[in-house]
2 protein chains.
Amino acid sequence: MNPNRRFKDEIYDQFSRIGKAVSSPKRLELLDILCQGERTVENLANETSLTIANTSQHLQVLKNSRLVEQEKKGLYVVYRPAPMVCEFFLSMRKVAENRIAEIEQIKNRFLEGKKGMESIDRDALIKRIQKEEVTILDVRPPEEFRAGHIKGAVSVPLKELGLMLTKLPKNKEIVAYCRGPYCVLSVEAVQLLNEKGYHAVRLEEGVQDWRAMGLPVASGE
Amino acid sequence: MNPNRRFKDEIYDQFSRIGKAVSSPKRLELLDILCQGERTVENLANETSLTIANTSQHLQVLKNSRLVEQEKKGLYVVYRPAPMVCEFFLSMRKVAENRIAEIEQIKNRFLEGKKGMESIDRDALIKRIQKEEVTILDVRPPEEFRAGHIKGAVSVPLKELGLMLTKLPKNKEIVAYCRGPYCVLSVEAVQLLNEKGYHAVRLEEGVQDWRAMGLPVASGE
DNA sequence: TTACTATTCAATTAATCGCTTGAATAATAG
DNA sequence: CTATTATTCAAGCGATTAATTGAATAGTAA
């Protein structure tokens, strides 16, 4: 075969390694979670309802295409996204949201089931922050809050929301967020809060989106 | 199954449609070409050394994942990339280049075979444009030049380069470019020019990269 | 109408992929 | 040392995919 053709084929073969890595829904889910912070295999398996062996296998596909890195910490193996990968994931999500009409439909159908659920986006939240007082709630697990959160947000993991209710102000509006537009933690949080008489709304964006917009993100406690 | 899990699965299934589309080397090659401008099926089949039927099949995969759009023009069907797709492709290429070491190796091995081949990047070219006079040559087929080219470049398709040699200035440096870092048209052009006594170098970036940097791009003749 | 061209469809084959299962490995604790 | 825990490996099954081939469709021209 002519050497130019060979060269091209080799190059596109390499490019396709990235594509193959993100061609499986389960691997996308794993990547999405990893972009919130590093995780062990067991941890990822629990969140995705995959078996441990299957999770490990998917993680190795991601590792072989260089989208994640792994580090052994004692008895555990911790995985984290490689640099640039989360930006790439966001860019892929953006194309999907803009081009695939089914995504909007699936989201609407899901949210219709949750009556009274109000979602706001980044712009609307920024306006409210300036105009009136709002409490921003990060309802993800505490490790994810520590790894990075919207500046000014308070960590109230969904699991502890029930216990923390009394500490929240009833007169202020509450904005809850989690991992992004397709994460349901904030959906459940807002439902619970509204049932209990608070005025809560859901922020669509996650920390990654917030950061990508150039908005302030903090980490640690 | 619990409705939250169902929702997540449906969403990631949709996201993976984009991933599946870019998981095949041949489809990536097709996308890369399409990002230079619209094409007919036959046209694409010729450039990729695929059969017509196979090309058509791949294009339909791309269409079903909404990455390309199609339009019937008389006897031909013309395909073009959907909005945002070329940006996404660039973002994927960037991850691949930065994460997959093999790509650099393949490129180096290929260019080693072409002795005396000098490549420069955008920054180096900009400096030379300011300091000394250079002639910028777009060696892609004329339709691609018309669809968009680096401002100030002259269209000299590789196929006609042999005939146009006399019209090129021997004392000025010549910078040839084509579709991007992995396109070989400019490699062949620079080889020919250097053999004939010109001082020619290859620009790595293509028009897409140029545009993505915010640098001036023109279209038409 | 008929002939011709560009593209798509349909059926087939070989290769690859996702997931499961059970065994193997590696680090730690007693 | 043995037992325990987290992860990976290896084999196997069914489903999906890429590429080939030949037939079918759609638009154009005589």
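Throughout, protein chains are lettered first and strands after them, A, B, ... in sequence-line order, and every chain is numbered starting at 1.
- Residues A:Glu29 and B:Tyr12 have side chains that never bring a donor and an acceptor to within less than 3.5 angstrom of each other.
- Across all strands, A:Thr55 comes closer than 4.0 Å to no nucleic acid atom at all (heavy-atom distances).
- Taking only side-chain nitrogens and oxygens, B:Tyr76 never comes nearer than 4.0 Å to OP1 or OP2 of C:dT8.
- Aromatic ring centres of B:Phe15 and A:Tyr182 lie closer together than 6.0 Å.
- Here the P atom of nucleotide C:dT16 and the CG atom of A:Asn64 are 16 Å apart, to the nearest Å.
- Rounded to a whole Å, the CG atom of B:Leu62 is 16 Å from the C1' atom of C:dT8.
- Heavy atoms from other residues, nucleotides or ligands lying under 6.0 Å from NZ of B:Lys107 number more than 12.
- Here the nucleotide nearest the side chain of A:Thr51, chosen from D:dG27, C:dT7, C:dT20, is C:dT20.
- Distances from the side chain of B:Ile52 to the nucleotides C:dT8, D:dA18, D:dT8 place C:dT8 closest.
- Using a 4.0 Å cut-off between a side-chain N of Lys or Arg and a carboxylate O of Asp or Glu, B:Glu47 and B:Arg179 qualify as a salt bridge.
- Between the CG atom of B:Leu75 and the C1' atom of C:dA6 there is a distance of 5 Å, given to the nearest Å.
- To the nearest angstrom, P of C:dA6 lies 17 Å from CD of B:Glu38.
- Distance CG (B:Asn46) to P (C:dT7): 10 Å, rounded to an integer number of Å.
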So which protein N/O to nucleotides 9-12 of chain C N/O distances come out below 3.5 Å?
unit_1 : atom_1 : unit_2  : atom_2 : d
C:dC9  : OP2    : B:Gln60 : OE1    : 2.3

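- Side-chain nitrogen and oxygen atoms of A:Asn54 include at least one within less than 4.0 Å of the OP1 or OP2 phosphate oxygen of C:dT20.
- Protein atom CG of A:Leu50 is 12 Å distant from nucleotide atom C1' of C:dT20, rounded to whole Å.
- Salt-bridge check for B:Glu69 with A:Arg99: passed, with a basic side-chain N closer than 4.0 Å to an acidic carboxylate O.
- Looking at A:Leu34 and A:Leu59, their side chains come closer than 4.5 Å, going by heavy atoms from C-beta outward.
- Straight-line distance from the CG atom of B:Leu59 to the P atom of D:dA19: 13 Å, rounded to whole Å.
- No donor-acceptor distance shorter than 3.5 angstrom exists from the side chain of A:Ser56 to the backbone of A:Ile52, with no hydrogens or angles considered.
- With the nearest nucleotide of DNA chain C identified for both A:Lys73 and B:Val77, B:Val77 has the one nearer the 5' end.
- The separation between A:Lys26 atom NZ and C:dC19 atom P is 7 Å, rounded to whole Å.
- For B:His58 and D:dA19, the shortest distance from a side-chain N or O to OP1 or OP2 is below 4.0 Å.
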